[in-house]
Amino acid sequence: MGLEIAFWILAVVAITAALAVVSLRNIFRAALCLILCFLSIAGIFVVLSADFLAAVQVLINVGAIAILIILAIMLTREVERGSLPNKLQFPVIASTVLFLCIAVFAVIRTPWQVSDLPPVEPTTAELANKLFGEGGFILPVEISAVLLLATIIGAIVLMREK
Amino acid sequence: MPELIPQEALWPGNFWLHLLVFTVIIITFILLTVMFFIWFERRLLGRIQVRLGPNRAGPFGLLQPLADVIKVLTKEDIVPARGDKPVFWLAPIVAFVPVLMMFAVIPFQDGALLVDLNIGILYIVAVSSMASIGIFMAGWSSNNKYSLIGAMRDVAQLVSYEIPLALSILGVVLIAGSLSLTEIVEAQTVPFILLQPLGFLIFFIGSLAEMNRTPFDLVEADSEIVAGYNIEYSGMKWATFFLMEYAEALTISAIITTLFLGGWRGPLLPPFLWFIIKVVTVFSVIVWVRATIPRLRIDQVMAFTWKFLLPLALINLLITSLQVVFWPEAPVWLIVFAGLFIMIALILIWSKFFKLGGDRIDV
Amino acid sequence: MTLGLEHFLILSSVLFAIGLYGALSKRSAVIILMSIEIMLGAVSIAMVAFSRYIVPAMLTGQVFTIFIIVVAAAEATVGLAIIIAIYRRRETIDITKIDLMKW
Amino acid sequence: MFKHYGNGIVKGMALTLKHLFRQPITTQYPEERLTVSRRIRGNVLAWSQDNCIGCYTCARNCPHGCIEIETSEKGEKGLIPAPCTQDCPSHVDAARYIRCLAQGKPDEALAVIREKIPFPSVCGYICAHPCESSCNRGLIDEPIAIRMLKRFAVDNNTGIWKQRSKTAPASGKQVAIIGAGPAGLTAAYYLAKLCGHAVTVFEALPQPGGMMRFGIPEYRLPDKILSDNISEIENAGVKIKTDTRIDRPESLLEEGFSAVFIAIGAHQAIELGIEGEDNPKILGSIDFLREVKLGKKVGLGNRVAVIGGGNSAMDSARTALRLGVKEVTIIYRRTRAEMPASPEEIEDSLDEGIKILFLAAPTRVTSHNNELKLECVRMKLGKEDASGRRRPEPIEGSEFVVELDNIISAISQRPRLPDPFGLATGRGNTIQVDPDTLATAKEGIFAGGDAVLGPATVILAIAAGRQAAISIDKYLGGSGIIDETLALPEEIIDREGGPREGWRPETSAIPHQQRLNSFNGVELGWDKDSALSETERCLRCDLVYGVEKYQLNGGACIYCGLCVEACPFDALFMGYSYERATYRLSEQILSKEELLTPDRRKPSGYARPEVEKTLPKQTLLIDRDL
């Protein structure tokens, strides 16, 4: 029961915040709403008993990415009336709604083979095993490390003043 | 503290009662301790500067924070005319709530905590990174260049210092083998400050920067940017920021106690008393540092973390993980001496390569 | 009504659609980046939900989510770096005005 | 890096820890000094229409510009003596002649001055100007330069006053005056011109003028200026017999003079009172100045010390410098603040390269082959004495020796009274007289000036001369009225606008390199523009205006009380509803007002709305763009 209440509240907050992100004119407030959206997604993770992921979501998305975005906003101008739609606004709305309808239709009509097993708790050790253990995802981990290194170098190269 | 709580309230027997009782206890504890800390810091600073400090209100000036509270409460609440008003109103709350939330996982003694999360320390790191959003909101919505500069500095500093901070925590987590704070405390037959001296040093310096205290208080460097992000705030909203800063000092003292000083563990005295004694000791050291070291320049602060703390934290993590993986049953005395030796050697070697604020860096 | 997989998937679709709308219809590069972050979040929800309801013992979806977060971080970093580099040259982050391949 | 920073951190931490365990040095605030901190609150300023003259001082001092004054243009109440007039010993109507100058009539101004003193030029050049000390403008910024304005008036003399002056018919009585100084000549002038007596002035020195001629160096008061003034007096019928020394005043009475006025001045330098003083190389300042003025050769070496801190010490030092002395040092036992010499004289002396040795007193002089050794002792300032100056006390063991060629003693002077005068003398060898009539104990003999007062100023001597003329005329059966009307009555007394803001115009002086070679006048007079702009600063304290409206803009007033403090006429004071709350320092400092009226309901930006309306905008709006 508690989980359901939590889900509905978090879902409403997440959708409202996401709508605010794409509709607010003030970019700074949009970024704040993005933070709210991220926090709700972290809450949804908790509802899905992925507590480690929730903490990581807060740490990376809220603590780092959102703040990076805000810093980037500060470095540009026209913050207060910066978010304007382009010419494609109405076609995009139409196609997005169409996409949403198809996706919802697909979700509802698909017969999901839901398992009845209880979720693994706590997830931390299990995740570690999955990532680093035998038959796990060690190669993607290494690749993502290379990706991050490339990101760091790329960002430095892009931002360096000549 | 268990005697204060009805037995059926304890986790996980009665979830809601436990939550309620501990929330009340934590908030009361934080407010009282913050008031004590304000008085304590002023007295200690006074004594270090060979004066008395506040000594008029109440015995030994103990009621001075109360007088300050009354004064702050009766001040006029000013909102900048061209500021972003809703954000301005929300900022103190957004800044204060994460600091309160951090306390949820800190064990006062065995089992005496709000929630014993199995990812406790990760939760703390995650939540503490949210506090800077409130500060940024305050800086932006004040529509004042000084507050914005202060907020930008705060965010840059926070993001940078979080990395060595998290890396030094990882050393502790590796040794303890758990992210849960209760288990970390229980793993400390020897306080981790002895096993992880370098990690402790990095964590201490990093947390000084994290809570914007001297010598890293560039966020509110009076001589440069007047008062930093809270320049436009007055009255209760300003007091909330002030409360946030001291609550953060309290929380970080508690975290240092938990991670490195053995938490509630100690002979003779009851565990929660040990916990409080250790917290006050850590806070005294923070005040002592404040009384001694002058403020750094912003480029020095950034250079210090990226060029000094981060490499050392990485090396510390590497050495710790090698030890945990290949020689887990090493004798304690050997680890202690090796740790001290490695710390001194690393700091001396690194300072040969590293120049603090030699060249001017534009940040 | 108990929570089922469908709830999470529909929430995920709605968030994804909102993000899609923002990414396609906005002029500001920063807002587009934020919309992409929303879309990645939506996908993460779907992944974790699949993991929770279909293979609860395996956590494969959560592992995928971790990679999604890694990619999101990398994408945000490089994206913001590009935005600021463009802003330094062109004094604008309006993507409708950034239409030259070379300048 | 580590050596540099690590050492600093470790040492610093150790130091702060050491300090932590020291005894705090905070002390209890003394109980008897605990009544402090005045706060002014309220909404009514009491304003006294009787005292207010509408000078705008309060309006100018208000930081928020919330005082409005409307004065009636014509309905003035009349004239009162201004403070400058009241404080002048001779009561020269300074306010009036400044007004004449402001109207562009310097000759009229001179006439106003001439009504009271016969030495306007001398006063224009060297007067000690007590009027400026009492000037109300000094409360705001700087007093009006009354002396310079007087000098401007006399420099632009057209002689119009002479046409309006008249000479009284001869009374047939003879008056003898001993001493042709400022006091004697003033008395002689008024007795001869306005009372009609036949006056003969006996002067021991070869030229008339007394201290004005022989005590003040040429560069301050050119001889020609003085001679012009004295020739005016001679034109009024005064006979001056120079080179005539009178030993017995009674002998003059026997010769047929009806009254005798003794104004012999104070011409004898006071001795230093130290060992070895009878050396011929030690000169009295007054003797030194006189010798120089008489054109005699004074052989001075290269190093000269002047002992004393008065104007005559400055004069001696600067004269010595002009005679070619390389190194002149003034030795004074107190500090600069206590020096009796006028500040501009001290400033000029230092400018010309004279050294001043403060807090030093000579104790002994010895002579070694053509060289004087002056032993001095360092002094420190002790308790205040009767004159309000702090008494110097010697510091034991701080003696030092200065090697010199000559010493000029300029401590003070006293009257040189020949014994046969046979008059009662008081402190400092001064003649004792009735303070109202200046009559001595002997019938028909009066005395005044420095001979009675001790060394004083020219303007005091002139005042004494006037007093003597009045009482001698009364003694001889006259009316004793020596006032004359030389200036035309003023028609419309009007003030156009308030006084000008700002400071005095610059006073120019001749360049340094030209100063030390000659005795040319140092200070230069003002041109017309400077004088005119200076007159505009005058507050016109003698004009009383009917102030019709005095309005305080309550919204902008912050009750700082600056206007009350600034008012020179005590026309403003705190009204009844002002609360003067005093707080004791020992109590917790909480503002009572803030506790009583916390206005937290309406956050109002930077200031309360009513203040926003009344204040000028630029004080409120700060540039808040990033």
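The shown structure was predicted, so the numbers you read here are calculated from the model rather than taken from an experiment.
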Answer key: most heavy-atom pairs under 4.5 Å with chain A among B:Ala131, B:Ala166, B:Ala126, B:Ala151 is B:Ala126
Per side chain to side chain contact (heavy atoms under 4.5 Å, CB included), B:Met130 is matched among A:Leu39, A:Ile67, A:Leu59 by A:Leu39
Applying a strict 4.5 Å limit to non-hydrogen atoms, the region of B:Val87 in contact with chain A is side chain
Output for pair (A:Ile73 CD1, B:Phe136 CZ), nearest 0.5 Å, gives 8.5 Å
When the 4.5 angstrom heavy-atom criterion is applied to A:Leu68 and chain B, the contacting part is neither
message = Any non-hydrogen side-chain atom of A:Asn26 less than 4.5 Å from a side-chain atom of B:Asp84?
response = yes
One should read off an interatomic distance between B:Ile133 CD1 and A:Ile35 CD1, to the nearest 0.5 angstrom, of 3.5 Å
Turns out that what part of B:Leu179 lies under 4.5 Å from chain A's heavy atoms comes down to side chain
